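To keep things clear, I will list the structure first and then write my remarks on it.
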Amino acid sequence: MNKDRINSILKNMSLEDKARQLTQINADFVKSDVKADATGTSDDLKLTHGDIYGAGSVLNFGGADDALAVRQKYISQSQNKIPLVMMQDVIHGYRTIYPIPLAVGCSFDLQLAEDCAYIAAVEAKYNGVDVTFSPMVDLARDARWGRVMESTGEDHYLNGEFGKAFIRGYHRGGIGCCVKHFAGYGAAEAGRDYNTTDISERSLKEYYLYAYRECLKEQPELVMTSFNLLNGVPVNADSRLLLDILRGEMGFDGVVVSDYGAVNEMIMHGYAADKRECARTAANNEIDLEMMSSTYVHNLPGLVKSGEVSEEKINKMTERMLALKEKLGLFDNPLNATDEQKAAEADGCAAHRGVARRAAEKSCVLLKNNGVLPLNTSVNAAYIGPFAEEKSILGAWACAGRADEAVSIAEGVEKLLCRKPVVVKGCGRGLFDSDDSGFDGAVKAAAGADVIVACIGEYAHFSGESASRADIRVPGVQIKLLKRLKELNKPLVSVVFGGRPLVLTDVEKLSDAVLYVWQPGSEGGSAIANLIYGRANPSGKLVASFPRSVGQCPVYYNHFRTGRPKGQDTLEGTVYTSGYIDELNAPLYPFGYGLSYSRFEYSGFGLSSGVMRRGDKITARVTVENKSGTDGEEVVQLYICDKFASAVRPVKELKAFKKIYIPAGGKVLAEFEITEDTLAFYTANGSYEAESGDFDIMAGGDSVNVLTERLKLI
Ligand code: GLC
């Protein structure tokens with residue numbers, strides 16, 4: 001970092017300059033000098049011309065030409081000529097959209113995740129993006145929460161691994177990145193977005209902060225603070241979280257950016273009496289960049305003059321912003337990599353769409369198959385349902401992705417079969433649809449087919465930010481249509497779209513096969529066609545449990561036993577045990593579960609030793625055989641259970657996984673190393689260590705069907 005350059009800029013900045021440098025506004029303010037925020041509402045930011053052209057950063061602009069115009073206009077009008085840093089939500093692709101992160105997590109393929117982030121970064125940087133507001137590593141255990149689609153699921157270890165992979169990809173592609181939302185946002189009560197979170201010290205350390213600690217190892221440029229109240233204090237007011245933990249224990253010295261208006265929201269939370277108190281609180285907590293609120297601009301100079309915020313702190317925060325721009329090369333090239341020609345060549349190019357298609361193929365999860373899949377291309381299949389020709393399958397946070405550039409199922413199937421398939425919509429996909437007038441036409445078309453492929457699910461924008469649902473079944477009349485199709489007594493394949501684990505209990509009963517395709521992105525229809533007709537073999541495994549009913553939420557695999565455990569798969573023995581009288585405890589589909597066209601058999605599971613001394617390393621080995629005639633990939637998962645501990649441990653915890661290719665009839669030996677650290681946890685006295693005693697070590701192709709060996713740590 002060129003400290004001299006930064007210091008020379010800093011010393012020429014007034015307090016007002018610094019306050020502006022610590023403010024992030026929508027690019028709209030620069031583009032057309034309007035004083036309304038991006039939503040077009042009246043200017044409650046009350047920004048002057050000097051504020052706009054002194055702001056440190058902008059967000060939300062559209063493409064290379066727009067970005068160039070913003071950068072050039074800003075530099076021409078700004079007094080101190082400090083270049084903008086431009087940020088955007090490139091969450092799962094820029095123009096080429098790959099599956100939502102929850103789906104990419106189901107690939108259990110870290111290299112694939114990195115490659116996805118890489119292509120996103122390449123397209124984004126040419127379109128003017130210096131930093132993406134990604135990866136999101138919130139632990140999400142409640143399928144009602146709309147933003148579960150942005151996470152990689154219910155396991156903190158996996159979230160850490162995927163978060164690091166995404167960061168590596170962004171950096172390799174040439175942009176900075178921002179880990180979010182710090183912290184605990186995914187624990188929103190009742191799955192309702194922006195709702196209160198109350199997280200014990202232990203859960204916070206062990207589960208909710210884990211992925212951040214891991215991601216910081218890959219040096220993300222920013223961390224974003226979250227909207228939520230955490231244990232009674234708004235996160236942006238929580239100095240223990242932001243200073244002691246994030247800056248202190250975790251050692252993060254990059255830029256902390258607030259979420260959109262979150263600094264100002266301390267008033268609505270009932271914490272700050274006014275914007276001045278918001279500014280004082282946020283600045284003293286070293287929130288370096290205030291996104292889309294203007295408490296700093298209007299209050300920081302006065303707060304420094306009154307001594308309520310030290311100038312040293314403002315200088316440190318400003319220095320971080322300048323250091324970020326220095327690191328991104330913006331002082332030497334204020335336009336950075338923005339380039340209309342290169343953007344036009346990269347956006348949606350065949351190579352990028354190839355990565356997106358591969359990601360979709362590997363992210364879809366085959367949940368049921370009685371053998372009806374894969375279909376033979378000679379079979380006369382009818383594609384029925386509102387998603388058969390749907391092109392809005394990019395999911396929420398689809399950045400510059402365009403639905404008209406996405407491949408629908410019908411288009412993917414036509415391309416593969418070289419003939420148009422029979423397609424009938426049959427009904428709508430609305431949350432509250434009741435119109436079944438299209439059923440008869442759909443049933444008539446289906447009656448003429450050998451196999452029915454029902455294309456149903458949850459529309460792309462029924463998940464994502466502020467899209468929590470209290471009823472997480474397939475919406476509207478789609479299930480009624482499925483029942484009508486079932487009455488034809490023909491093989492029935494359900495292809496289901498969704499941005500969250502949906503309640504598929506009815507779909508499961510009615511279908512001979514269920515392929516869950518999430519929101520698969522630009523190449524969704526091609527990938528789905530390849531999977532249906534066996535050009536690709538499903539290999540996805542769930543990173544989030546699928547509830548039988550919404551009443552089970554939150555349901556997740558690494559739960560505790562309780563003092564009165566109840567069988568997961570039975571209503572018997574309900575009396576005085578921890579269960580429901582009207583529902584099983586077990587999810588419909590468990591964490592780690594997913595079928596393949598291959599058939600994998602596990603055997604010969606063993607440990608190099610049943611006793612482990614401190615400092616030892618032992619090896620867990622298991623043979624996986626592909627007993628089918630179809631080459632395939634299997635995700636071999638390693639779990640542990642600490643049987644007795646000073647703070648009780650989950651019934652199982654994923655500690656490692658390997659996605660391995662096994663040819664038809666072949667077998668592979670999968671090996672995992674187990675060390676003390678594998679067995680460590682936050683003990684009752686808060687130390688992070690492994691406690692002597694008995695452990696179950698388990699291996700399998702999901703979190704339920706596992707082979708188990710006992711290990712004693714002495
Ligand atoms: C949103 C989201 C955050 C996003 C930011 C900028 O409200 O919470 O994830 O990065 O605003 O768009």
Side-chain angles (χ1 to χ4, degrees), residues 23-29 37-41 45 55-62 67 84-94 100-102 117 120 124 127-140 145-152 159 163 166-167 170 175-188 191-195 197 211-212 215 220-230 234-236 254-266 268-269 287-293 395-401 461 463-468 499:
T23 302
Q24 180 179 63
I25 56 177
N26 274 304
D28 295 357
F29 283 87
D37 68 20
T39 55
T41 53
L45 300 186
S57 173
V58 299
L59 77 156
N60 295 350
F61 42 91
L84 278 172
V85 54
M86 297 177 67
M87 305 187 189
Q88 197 153 13
D89 292 290
V90 185
I91 306 300
H92 55 111
Y94 181 80
I100 55 174
L102 187 56
N127 282 281
V129 179
D130 301 318
V131 173
T132 177
F133 293 124
S134 173
M136 182 270 222
V137 294
D138 297 318
L139 178 61
W145 191 47
R147 302 195 77 164
V148 66
M149 54 70 60
E150 281 178 83
S151 78
T152 46
N159 292 343
F166 288 132
I167 292 169
Y170 293 135
I175 63 172
C177 61
C178 172
V179 187
K180 67 186 185 183
H181 305 82
F182 194 80
Y185 182 31
R192 210 170 70 231
D193 207 357
Y194 317 118
N195 202 5
T197 67
Y212 285 96
C215 284
E221 285 69 25
L222 292 91
V223 169
M224 183 188 293
T225 61
S226 55
F227 292 118
N228 53 291
L229 194 71
L230 174 61
V235 157
N236 293 282
V255 171
V256 171
V257 58
S258 72
D259 204 338
Y260 202 106
V263 167
N264 210 31
E265 288 176 12
M266 284 191 260
M268 193 54 76
H269 271 297
I287 293 172
D288 304 304
L289 190 58
E290 180 183 12
M291 182 195 294
M292 276 305 284
S293 53
W397 294 111
C399 202
H461 297 292
S463 62
E465 184 172 358
S466 78
S468 298

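As the structure lists them, so they are numbered: ligands from 1, and atoms in each ligand from 1. These numbers come from a predicted model, not from an experiment.
Put simply, the side chain of Val90 does not reach to within 4.5 Å of the side chain of Trp397, judged on heavy atoms. Residues Val148 and Ser463 fail the side-chain proximity criterion, which asks for heavy atoms closer than 4.5 Å. Proximity of Ile167 to Cys215: side-chain heavy atoms (C-beta onward) are separated by under 4.5 Å at one or more points. Two residues are said to be in side-chain contact when any heavy atoms from C-beta on lie closer than 4.5 Å; Tyr260 and Leu59 meet this criterion.
Residue contact check: Met224 has heavy atoms under 4.0 Å from atoms 10 (O) of ligand 1. Every atom of ligand 1 with a heavy atom of Phe227 under 4.0 Å away is listed here by number and element: 7 (O), 8 (O). Contact atoms of ligand 1 toward Leu59: 6 (C) (distance under 4.0 Å to a heavy atom of the residue). The atoms of ligand 1 that sit less than 4.0 Å from any heavy atom of Lys180 are 3 (C), 4 (C), 9 (O), 10 (O). Residue His181 approaches ligand 1 through these ligand atoms, each under 4.0 Å from one of its heavy atoms: 3 (C), 8 (O), 9 (O). For ligand 1, the atoms closer than 4.0 angstrom to any heavy atom of Phe133 are 10 (O).
In terms of protein heavy-atom proximity, atom 11 (O) of ligand 1 is nearest to Asp259 OD1, 3.1 Å. When only non-hydrogen protein atoms are considered, atom 10 (O) of ligand 1 lies nearest to Asp89 OD1, 2.5 Å. Atom 1 (C) of ligand 1 has as its closest protein heavy atom Glu465 OE1, 3.2 Å.
Remark: distances from the non-hydrogen atoms of Arg147 to ligand 1 include one below 4.0 Å. Contact between Met292 and ligand 1 is absent, with no heavy atom of the residue lying under 4.0 Å from the ligand. For the ligand labelled ligand 1, residue Glu150 lies outside the 4.0 Å heavy-atom shell.
Remark: the Asn236 side chain and the Thr225 side chain contain an N/O donor-acceptor pair separated by less than 3.5 Å.
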Legend entry - Worked verdict on Thr152 versus Asn159 for side-chain hydrogen bond (donor to acceptor under 3.5 Å, both in side chains): CA-CA 6 Å; Thr152 46; Asn159 292 343; 2.6 Å; yes
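Atom CE in Met291 sits 3.5 Å away from atom CE in Met224 (nearest 0.5 Å).
Not a single donor-acceptor pair under 3.5 Å links the side chain of Asn228 to the backbone N or O of Thr197.
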